[in-house]
Structures are given as C-alpha cells and as structure tokens.
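Keep in mind the model is a prediction, meaning the values are calculated, not measured.
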Amino acid sequence: MSYDVTFHCISKKEIQRYVFDILEHPGLLQSRATEVSSDSKVQEQFLELFNEFIIPWYMDESTPSGEPITAENFAAYFSFAIASVAGFLHPYWYARNSAICFLAEEIPSIHTLFQSFSSLEDSPLAKFDADTSMLMSGNYSASGVLQNVGAFKGWLLENQSNIAELIDEDGLDSLLRALNYCIDNGLYLIEAAEIIEPISGECQSNYGNLRAHFLKNIDLPAAPRTTRSDEHSTNTCKKCGSNIGFIDVFKAGLPTMITCGKCGNYVKFNINPYIDYPIIICLLIAFAAITFVSGDYLITNQVLPFKEKYIFAGTGITFAVIFEILFGVWLLKFKKVIG
C-alpha cells in the first residue's frame with residue numbers, strides 16, 4: 001500500500017478557535033471562515049468541510065453510514081478533518097511513503113510522542129473516548145498532535161542513518177521543514193495520509209498551502225499567516241460570532257448580565273471570582289466613598305444651587321458612569337469571552 005503523506009502545523013489556540021469552538025458553537029463557523037482566507041472559494045471549501053462532515057459527525061456521533069465513531073476509526077474521521085483544517089491555516093509539506101507512524105512500527109515508544117485530539121485539554125471530542133487514537137491508522141487518516149517537536153527533531157537528526165529505509169531523502173527534507181516551521185512558530189505537528197492525491201489532483205485542504213518537491217515549490221517562503229488566530233478579537237459571542245462591544249457591557253451594568261446585542265445570548269468572560277471580584281467590590285466601595293465625599297463637599301461649600309438629594313444623585317450617577325467606563329475598558333482589553 002502506498003501513502004501520500006503530508007505534515008501539518010497548528011497551534012493549541014488554533015485547534016480551540018477553528019475546531020473546538022465551532023463544534024460547541026456552530027454559529028461561529030461563518031466568521032471563522034472569513035478569518036481563514038479572504039478567497040471566497042477557500043472559504044466555501046472550509047464551510048463545506050464543517051457543514052458536510054465535521055459538525056454532522058460530532059452531532060450524530062457516527063459516520064454517514066451510521067457506524068459509531070470510536071477509538072478504532074477516530075483517526076479516519078476527526079483527526080483527518082483537523083489535519084485538513086490545519087492545511088487552511090499554515091503551509092504543509094508532502095512526502096511519498098514517508099511517515100512518522102512507519103517509525104513507530106520499529107520503535108514503539110514513538111506512540112508516546114503523540115496525543116489524541118480527544119485527550120487535549122477542554123476537548124469536546126473527549127466524548128468519543130479515543131485517547132488511544134494517536135497515530136495514522138492507514139490511508140485517509142491522520143495522527144494526533146506531536147507537541148514536543150524540538151526534541152523529536154533532535155532525535156530524528158541523530159538517527160538519520162537508522163531510518164533511511166523508512167523515510168527517504170525527500171520525505172526527510174519535507175518532515176524537517178515542517179518541524180522547523182513548528183519550532184519557529186510554536187506549533188504542534190500532525191501527519192496525515194491522502195489529504196492530497198497527486199495523481200488525481202484531489203485535495204482535502206487548501207491546495208495553495210501545499211509544499212512539495214514534485215511541485216517544485218518546496219523552497220517557497222513559509223511565513224506564518226498574517227491573520228493568525230491570536231490577532232483576532234477574543235470578544236466574540238460563542239453563539240453567533242458577533243463582537244461583544246462596550247455598549248453591550250455598559251447596558252448590562254453587571255458582569256453576569258452581559259448579553260450579545262445581536263442574538264441576546266448571555267456572555268461569560270474569564271473573570272476569576274477569587275481575584276477579580278474582590279478587587280471589583282473594593283473599587284465599588286471606594287467609588288461609593290468618593291461619591292459621598294464629593295457630594296458632601298459640594299453641599300458644604302455651596303458649589304451648586306441644588307437640594308442635597310439632587311447633588312448626591314448627580315455625583316452618584318457621575319461616578320457610576322465613570323466606574324462603568326473603566327470597567328468596560330478593562331473587561332474588553334484584558335479579558336476574553338469563554339462562554
């Protein structure tokens with residue numbers, strides 16, 4: 001059996017943003033597609049990948065034929081699909097019949113280098129109980145993530161002569177290029193089979209990101225995307241993908257009452273209840289004290305020709321607005337939406 005292998009790169013944040021978030025909140029799909037590419041055809045391909053395959057698999061917990069998705073076939077479905085997603089985000093490299101999983105047949109410890117997508121932190125795929133699905137299972141499948149790419153590269157270079165029969169010269173070159181890209185950009189590595197089929201020309205990812213010796217483009221610059229996931233706003237509604245803005249925070253008044261202005265969904269920020277809330281309460285008390293002192297000063301010195309209750313009401317409203325503005329700026333700048 002022959003394999004058309006590709007080595008893909010993706011970060012932990014990108015797995016969360018472009019896979020896990022979409023699975024848990026499908027309403028985000030359209031906005032995420034526009035982040036992936038400005039090319040409408042690439043966006044359509046990305047949308048089709050999720051609408052036709054990934055989301056139905058996740059919702060139904062089964063294949064199109066009705067077969068349950070388990071550890072035995074997880075690599076052929078979700079792992080393969082996530083490798084495809086990675087190909088939309090970063091360059092990926094082709095190798096003919098050269099794969100890390102071939103090394104695992106001779107060196108069983110290779111298995112321990114990979115982690116299944118179902119066992120990653122906060123993974124919604126944990127419900128498939130596929131923690132043992134770490135390597136490719138054959139054609140049209142993919143591995144989990146290789147996290148410690150630096151250590152693996154070092155081992156690979158030390159053992160080039162011992163693995164020459166399993167990974168040829170071009171395959172090793174492609175693998176090293178992918179590893180270097182991961183190291184330079186703080187990414188994980190995934191390997192997949194049949195994302196690209198050179199003979200038929202079929203490609204299950206963004207063909208424009210493919211780097212291959214047979215395409216004579218192996219030396220094309222492999223710069224990171226200019227629209228990396230961490231450059232996008234983290235203040236987006238998990239239900240509809242709309243931005244949560246200052247008006248939404250200001251209207252709510254309380255951090256537990258913030259709702260999306262478009263869909264009305266309650267928004268949860270990553271506020272630490274043991275640190276942030278005590279600080280906020282102390283600040284509220286301080287602002288209340290300032291309000292009282294300011295009102296008393298204005299009354300005592302007859303600065304304003306109004307009744308006491310109007311002066312206290314005015315100072316109270318003024319400082320409440322100031323506090324809300326400062327709170328909104330802090331929340332939107334230093335916190336992110338998590339639910």
Quick one: sort the Y3 and F102 rings into parallel, tilted or perpendicular, breaks at 30° and 60°.
perpendicular
Please examine the side chains of Q147 and K12, heavy atoms only from C-beta on, and report whether any two atoms are closer than 4.5 Å.
no
K127 atom NZ, over 12 foreign heavy atoms within 6.0 Å
yes
Would you say that L283 contacts F327 through its side chain, given a criterion of any heavy-atom pair below 4.5 Å between the two side chains?
no
Keeping the roles fixed (side chain from E194, backbone from D4), state whether a donor-acceptor pair exists under 3.5 Å.
yes
Assess whether a salt bridge exists between R32 and D21, defined as any Lys/Arg side-chain N lying under 4.0 Å from an Asp/Glu carboxylate O.
yes
Working to the nearest 0.5 Å, report the span between CD1 of I280 and CD1 of I275.
11.5 Å
Could you measure the distance from the CG atom of L113 to the NE2 atom of H111? Nearest 0.5 Å is fine.
10.5 Å
Give a yes or no on whether the ring-centroid distance for F46 and F88 is below 6.0 angstrom.
yes
If you apply the rule ring pair (Phe, Tyr, Trp, His ring centres under 6.0 Å), what do you find for H213 with Y94, and how did you get there?
CA-CA 8 Å; H213 286 277; Y94 174 87; 9.2 Å; no
Non-hydrogen side-chain atoms of N97 and V5 separated by less than 4.5 Å:
no
Is the side chain of S98 donor-acceptor paired with the backbone N or O of G171 at a distance under 3.5 Å, no angle test?
no
Exam field: side chain S123 to backbone F117, donor-acceptor pair closer than 3.5 Å
yes
What do the steps show when you test L176 against L157 for side-chain contact (heavy atoms from CB on, under 4.5 Å), and what is the final call?
CA-CA 9 Å; L176 286 173; L157 293 174; 4.0 Å; yes
Distance, nearest 0.5 Å, that separates CG of L125 from CD1 of I69
9.0 Å
Counting N and O atoms only, with roles assigned by atom type, does the side chain of D173 sit under 3.5 Å from a partner on the main chain of D168, one being a donor and the other an acceptor?
no
Y18 six-ring centre to K13 NZ/CZ under 6.0 Å and within 45° of normal:
no
Non-hydrogen atoms of E106 and L166 that approach each other most closely
CG-CD1, 3.8 Å
Closer than 3.5 angstrom, by distance alone: can the side chain of S84 be matched with the main-chain N or O of Q204 as a donor-acceptor pair?
yes
With the side chain counted from C-beta on, respond yes when W155 and I163 share a heavy-atom pair under 4.5 Å apart, and no when they do not.
yes
Flag the pair H8 / L189 as yes when at least one side-chain heavy-atom distance between them is below 4.5 Å, and no otherwise.
no
Minimum heavy-atom distance A33-Q43, with the two atoms named:
O-CG, 3.4 Å
For the atom pair NZ (K216) and CZ (F214), what is the distance rounded to the nearest 0.5 Å?
11.0 Å
Tell me if a side-chain donor or acceptor on D184 pairs with a main-chain N or O of Y181 at a distance below 3.5 Å.
no
Applying side-chain contact (heavy atoms from CB on, under 4.5 Å) between F152 and each of N148, V149, L156, report the one that passes.
L156
Flag, side chain of E67 to backbone of S62, donor-acceptor distance under 3.5 Å
no
Residues M136 and A192: closest non-hydrogen pair is SD-C, 3.4 Å
Between the main-chain N or O of D219 and the side-chain N or O of R211, is there a donor-acceptor pair closer than 3.5 Å?
no
Does D129 have more than 12 heavy atoms from other residues, nucleotides or ligands lying within 6.0 Å of its CG?
no
Checking Y92 side chain against N206 main chain: does a donor-acceptor pair fall under 3.5 Å?
yes
For the pair S200 and E197, evaluate side-chain contact (heavy atoms from CB on, under 4.5 Å) and give the outcome as yes or no after the intermediate values.
CA-CA 6 Å; S200 65; E197 297 180 67; 3.5 Å; yes
Within the supplied structure, the quantity of interest is the number of heavy atoms (other residues, nucleotides, ligands) at a distance under 6.0 Å from E169 CD; does it exceed 12?
no
Worked verdict on L146 versus M134 for side-chain contact (heavy atoms from CB on, under 4.5 Å):
CA-CA 9 Å; L146 172 63; M134 297 177 285; over 6 Å; no
Mind running side-chain contact (heavy atoms from CB on, under 4.5 Å) on V145 and I82 for me, showing each step along the way?
CA-CA 10 Å; V145 291; I82 295 173; over 6 Å; no
Tell me whether the centres of the aromatic rings in F128 and F78 are closer together than 6.0 Å.
yes
In Å, rounded to the nearest 0.5 Å, how long is the span from CH2 of W93 to SG of C9?
5.0 Å
Quick check: does any side chain N or O of Q115 sit under 3.5 Å from a backbone N or O of S119, one acting as donor and the other as acceptor?
yes
Heavy atoms, side chains only, cut-off 4.5 Å: are I190 and F114 in contact?
no
When rounded to the nearest 0.5 angstrom, what is the spacing between OH in Y207 and NZ in K41?
15.0 Å
Under 6.0 Å between the ring centres of Y77 and W57?
yes
